[in-house]
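First comes the structure, then the notes that go with it.
Quantities reported herein were computed from a predicted structural model and do not represent experimental measurements.
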Amino acid sequence: MLRIGELAALAGVTTRTIRHYHQVGLLAEPPRTTAGYRLYGMADVVRLIRIRRLVALGMSLPDIGRVLSPRQDLREALADLDADLAREEEAVRRQRAMLAELMHTGRDPALTPELGQIFAELEQIFPAHPLLERERETITLLEAAAPEAAQALTGVYRTSMGDERLQHRMWDIGLRLEALRDASPDDPEVAALAAELADVIRPFMDAVSAGGRAAAGIVSGETLSAMMVDALSPAQRRVVELLTP
């Protein structure tokens, strides 16, 4: 018969682990000596080694309890575990493929592949500017909170990539909006910029008929106030308010 320390050394686990297995019912309590020491037999050694190996395979303790139950077929349980591991392996494979693509392209993982490609092209066309980063943050927030609005805005970007005049017009609007950061809400440029921005985005807003209200969230005070109000100056916020239907 073995004491707990001897059993632990033989099975390659700690005495604390053995006590835990007793607590959760994986190991039955063995007989004790008159001094209170547990005494383990060969069956306990074999069961503990089986538990240790199943843990190493990634099986949870409740599942191990069912596997080692006389009523559970071991082959069936191991087949279920193998299927779970195969699903995890496939998920890891997809994650690694995504990481490889991100490392190769340098694409922002917060953006969809399409938007990542669009911003990569914009960075090639226009010099480095805080406006691009602000636009990136805006579309990232919209994708999370208002997917239809992000879809409509993506349409604006996509179309602009094939229209050099529209592309430079949008860039100019963005620069003008940035320039309003320290301006007064009563600045005449506020109303003028709102009118021009509305003219640029109106065709894309109409195109998203099924989610019209969500698409309007591109410029609605409701959406922006929830996500970016703290980033807008009073004059910039007024531009947004003038765009609200």
CD1 (Ile64) and CD1 (Ile51) are apart, to the nearest 0.5 Å, by 7.0 Å

Shortest non-hydrogen contact from Leu61 to His20?
-> CD1-NE2, 3.7 Å

Check whether any side-chain heavy atom of Leu177 lies under 4.5 Å from a side-chain heavy atom of Val239, and answer yes or no.
-> yes

Any Lys/Arg nitrogen of Arg93 or Glu90 sitting under 4.0 Å from an Asp/Glu carboxylate oxygen of the other?
-> yes

What do the steps show when you test Arg38 against Met1 for side-chain contact (heavy atoms from CB on, under 4.5 Å), and what is the final call?
-> CA-CA 9 Å; Arg38 293 182 177 95; Met1 301 293 284; over 6 Å; no

Below 4.5 Å, heavy atoms only, C-beta onward: do Tyr21 and Val55 meet side chain to side chain?
-> yes

Least distance between heavy atoms, Ala8 atom then Thr14 atom | CB-C, 3.9 Å

Between Arg176 and Leu180, is any pair of side-chain heavy atoms under 4.5 Å apart?
-> no

From Thr15 OG1 over to Arg3 CZ, what is the distance, rounded to the nearest 0.5 angstrom?
-> 13.5 Å

Atom CD of Glu89: over 12 foreign heavy atoms under 6.0 Å | no

Where do Ala183 and Ala235 come nearest, in terms of heavy atoms and distance?
-> O-CB, 3.5 Å

Side-chain H-bond candidate by donor/acceptor type, Ser184 with Asp187, under 3.5 Å = no

Applying side-chain contact (heavy atoms from CB on, under 4.5 Å) between Leu10 and each of Val45, Ile49, Asp44, report the one that passes.
-> Val45

Is Met42 reachable from Leu68 through a run of I, L, V, M, F, W or Y residues, each pair having side-chain heavy atoms under 4.5 Å apart?
-> yes

Please indicate whether Arg16 has more than 12 foreign heavy atoms, meaning atoms of other residues, nucleotides or ligands, lying under 6.0 Å from its CZ.
-> no

Heavy-atom donor-acceptor pair, Glu196 side chain to Leu193 backbone, under 3.5 Å = no

Correct closest heavy-atom pair for Ala28 and His22 would be O-CE1, 3.1 Å

Indicate yes or no for a side-chain donor-acceptor contact from Arg47 to the backbone of Leu26 under 3.5 Å, with no hydrogens or angles considered.
-> yes

Looking at CD of Glu29 and CZ of Arg19, how far apart are the two atoms once the value is rounded to the nearest 0.5 Å?
-> 10.5 Å

Mind running side-chain contact (heavy atoms from CB on, under 4.5 Å) on Tyr40 and Leu48 for me, showing each step along the way?
-> CA-CA 11 Å; Tyr40 299 89; Leu48 183 56; over 6 Å; no

Hydrophobic cluster identity match, Val13 and Leu2, side-chain contacts under 4.5 Å = yes

Under 3.5 Å donor-acceptor, Arg52 side chain and Ala11 backbone = yes

